[in-house]
Chemist: 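Please find one structure pasted underneath; my questions will follow.
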Amino acid sequence: MMERDEIVQFPKLELHLHLEGAAPPAFIRDLAKRRKIDIAGVFDDQGQYRWTGFDGFLSTYDAVSSALTGPQDFHDLTLCVLEHAAGQGVIYTEAFLSPDFCGGGDVIAWRDHLAAIEAAAQTAQSRWGIVMRGIVTCIRHHGPQQARKIASCAQETAGQFVTGFGLAGDETMFRPQDFVWPFDAAREAGLGLTAHAGEWQGPDAIRATMRDLRVARIGHGVRAIQDPSLVAYLAESGVVLETCPGSNVALGVYARLRDHPVAKLRDAGVKVTVSTDDPPFFGTTMTREYEGLARCFGWGQAEFAQIAHTALDAAFIDAPARKLLLKRLEEACPIPT
Ligand code: ADE
Ligand code: ZN
């Protein structure tokens with residue numbers, strides 16, 4: 001079993017992290033106070049976020065995000081999140097960025113917010129070595145019309161820093177085929193594609209997401225385990241799952257970590273990666289995720305090296321930056337045989 005220090009130091013790549021969802025409660029509390037925004041109801045007696053069930057989580061998430069008002073707040077949030085991640089041994093973070101919370105989908109406002117986020121990412125890289133890229137993400141329950149606006153934001157800003165396009169939010173609303181237009185637009189802009197599926201809905205939703213949105217990665221995807229033929233198809237297709245075990249347990253998708261299918265999916269040849277989703281909401285960190293996997297499934301250096309290499313291969317990043325990250329990874333953990 002790896003020591004705690006070894007787990008902290010182990011180089012980690014996180015592909016599934018919502019920027020607002022990574023905001024520490026103290027950061028949001030302080031911001032709300034300074035902005036005179038009353039969101040006292042989102043905190044419990046211990047100062048942690050208060051929510052019950054997935055709907056409750058989404059409402060608290062909205063309220064928390066409402067405290068972030070303007071580019072400077074997103075700059076400070078990005079710096080805070082990356083400093084914390086670097087302290088967990090994270091060398092690469094791909095963050096979901098939501099224009100909905102950065103000017104409501106207006107392209108000009110989005111550019112201002114994005115410039116601030118990117119400036120913070122550059123500072124973080126020079127201070128702590130952590131590399132960040134952004135996935136512009138539409139929010140499913142805001143509907144397909146709004147998603148088109150978000151796709152325009154993504155098209156306008158696609159490049160070195162914005163490298164992906166995603167879909168998050170309430171999976172029970174709308175169908176993947178309702179989002180074909182935004183995903184086609186993002187694909188044409190050269191962006192890597194990912195969509196949340198199979199967190200709340202079953203295998204059919206995962207199949208429809210792969211078919212209609214032609215994504216390279218799926219956020220969660222864990223309910224594929226209900227259908228062995230889909231598990232085989234995922235393994236064969238090489239589609240990568242961004243699993244977030246701690247998130248799934250906190251939200252009640254699985255009662256206990258040992259019930260989580262990540263190890264079974266991996267054993268079946270599905271490409272899996274591990275992320276935190278919205279760490280302070282779910283009482284998790286990358287280190288805690290790894291500790292849980294070590295404890296429940298006996299994972300160690302070999303398994304963690306494999307998921308790190310899988311994440312690097314699946315990262316939405318340019319070739320030179322990928323090569324630099326590979327060098328850092330190889331120094332710490334050679335490619336597993
Ligand atoms: N947005 C932030 N976290 C999410 C999750 N776990 N599922 C769907 N949308 C989200
Ligand atoms: Zn998510």
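Only a predicted model underlies this, so the values are computations on that prediction, with no experimental measurement involved. We count ligands from 1, going down the list as the structure has it; atoms in each ligand are counted the same way. Just the heavy atoms: all of them, side chains too, but no hydrogens, waters or symmetry mates, feed the values below.
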Chemist: Below 2.8 Å, can you find an N, O or S atom of His220 next to the Zn ion (ligand 2)?
Modeler: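 No.
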Chemist: Let's go through Phe96 and His196 carefully: what are the C-alpha distance in whole Å and the side-chain angles of both, what is the deciding distance for ring pair (Phe, Tyr, Trp, His ring centres under 6.0 Å) to 0.1 Å, and is it a yes or a no?
Modeler: CA-CA 11 Å; Phe96 293 116; His196 285 55; 5.5 Å; yes
Chemist: Between Arg187 and Asp184, is there a side-chain N and carboxylate O pair less than 4.0 Å apart?
Modeler: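 The answer is yes: the pair qualifies as a salt bridge.
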Chemist: Can you tell me which portion of Phe57 lies within the under-4.0 Å heavy-atom range of ligand 1? Options are side chain, backbone, both, or neither.
Modeler: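 Near ligand 1, Phe57 shows its side chain, while the N, CA, C and O stay back.
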Chemist: With a cut-off of 2.8 Å, does Glu242 put an N/O/S atom close enough to the Zn ion (ligand 2)?
Modeler: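 Given the 2.8 Å cut-off, Glu242 does not count as a ligand of the Zn ion (ligand 2).
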Chemist: Which single N/O/S atom of His16 lies at minimum distance from the Zn ion (ligand 2)?
Modeler: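 This residue's closest N, O or S atom turns out to be NE2.
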Chemist: Quick test of your reading of the model: are Asp318 and Arg133 salt-bridged, counting only N-O distances below 4.0 Å?
Modeler: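 Between Arg133 and Asp318 there is a salt bridge, with a charged N closer than 4.0 Å to a carboxylate O.
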Chemist: Between His16, Glu171, His196, His18, which one has a non-hydrogen atom sitting closest to atom 1 (N) of ligand 1?
Modeler: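 Checking each option, the heavy atom nearest atom 1 (N) of ligand 1 is found in His18.
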Chemist: Classify the angle between the aromatic ring planes of His113 and Phe74 as parallel (below 30°), tilted (30 to 60°) or perpendicular (above 60°).
Modeler: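 Plane angle over 60°, so perpendicular.
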Chemist: Run down the list Ser98, Ala168, Gly169, Ala250 and name the one with the heavy atom closest to atom 8 (C) of ligand 1.
Modeler: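 The residue whose heavy atom sits nearest atom 8 (C) of ligand 1 is Gly169.
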Chemist: If you measure only the distance, is there a donor-acceptor pair under 3.5 Å linking the side chains of Gln88 and Thr287?
Modeler: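 Yes - a donor-acceptor pair under 3.5 Å links their side chains.
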Chemist: Heavy atom of Phe96 under 4.0 Å from ligand 1?
Modeler: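 No, Phe96 has no heavy atoms under 4.0 Å from ligand 1.
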Chemist: Give, rounded to 10 degrees, the angle between OD1 (Asp277) and NE2 (His18) as seen from the Zn ion (ligand 2).
Modeler: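 Reported to 10°, the angle equals 90°.
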Chemist: Taking 4.0 angstrom as the limit and counting only heavy atoms of His220, give me the atoms of ligand 1 inside it, by number and element.
Modeler: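 By the 4.0 Å cutoff, the relevant atoms are 6 (N).
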Chemist: I want to know whether Phe281 and His18 have ring centres closer than 6.0 Å.
Modeler: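 Here the rings of His18 and Phe281 have centres that are no less than 6.0 Å from each other.
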Chemist: Near the Zn ion (ligand 2), is there an N/O/S atom from Cys244 that is less than 2.8 Å away?
Modeler: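 Checking Cys244: none of its N, O or S atoms is under 2.8 Å.
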Chemist: Short list, please: which atoms of ligand 1 are under 4.0 Å from a heavy atom of Asp277?
Modeler: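 Those qualifying, in numeric order: 3 (N), 5 (C), 6 (N).
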Chemist: Do Asp178 and Arg175 meet the salt-bridge criterion of a basic N to acidic O distance under 4.0 Å?
Modeler: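 Looking at Asp178 together with Arg175, the answer is yes, because their closest N to O distance falls below 4.0 Å.
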Chemist: Please identify which atoms of ligand 1 are closer than 4.0 Å to at least one heavy atom of Glu199.
Modeler: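 What qualifies from ligand 1 is 5 (C), 6 (N), 7 (N), 8 (C).
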Chemist: Quick check on contacts: which atoms of ligand 1 are under 4.0 angstrom from a heavy atom of Asp278?
Modeler: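 Every atom of ligand 1 under 4.0 Å from some heavy atom of Asp278: 2 (C), 3 (N), 4 (C).
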Chemist: Stepwise, does the side-chain hydrogen bond (donor to acceptor under 3.5 Å, both in side chains) test hold for Arg207 with Ser229?
Modeler: CA-CA 11 Å; Arg207 287 183 194 280; Ser229 70; 3.0 Å; yes
Chemist: Taking 4.0 angstrom as the limit and counting only heavy atoms of Tyr61, give me the atoms of ligand 1 inside it, by number and element.
Modeler: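 So the answer, numbered in order with elements, is 2 (C).
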Chemist: Is the centre of the His141 ring less than 6.0 Å from the centre of the Phe174 ring?
Modeler: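 Not close enough - the centres of the two rings lie 6.0 Å or further apart.
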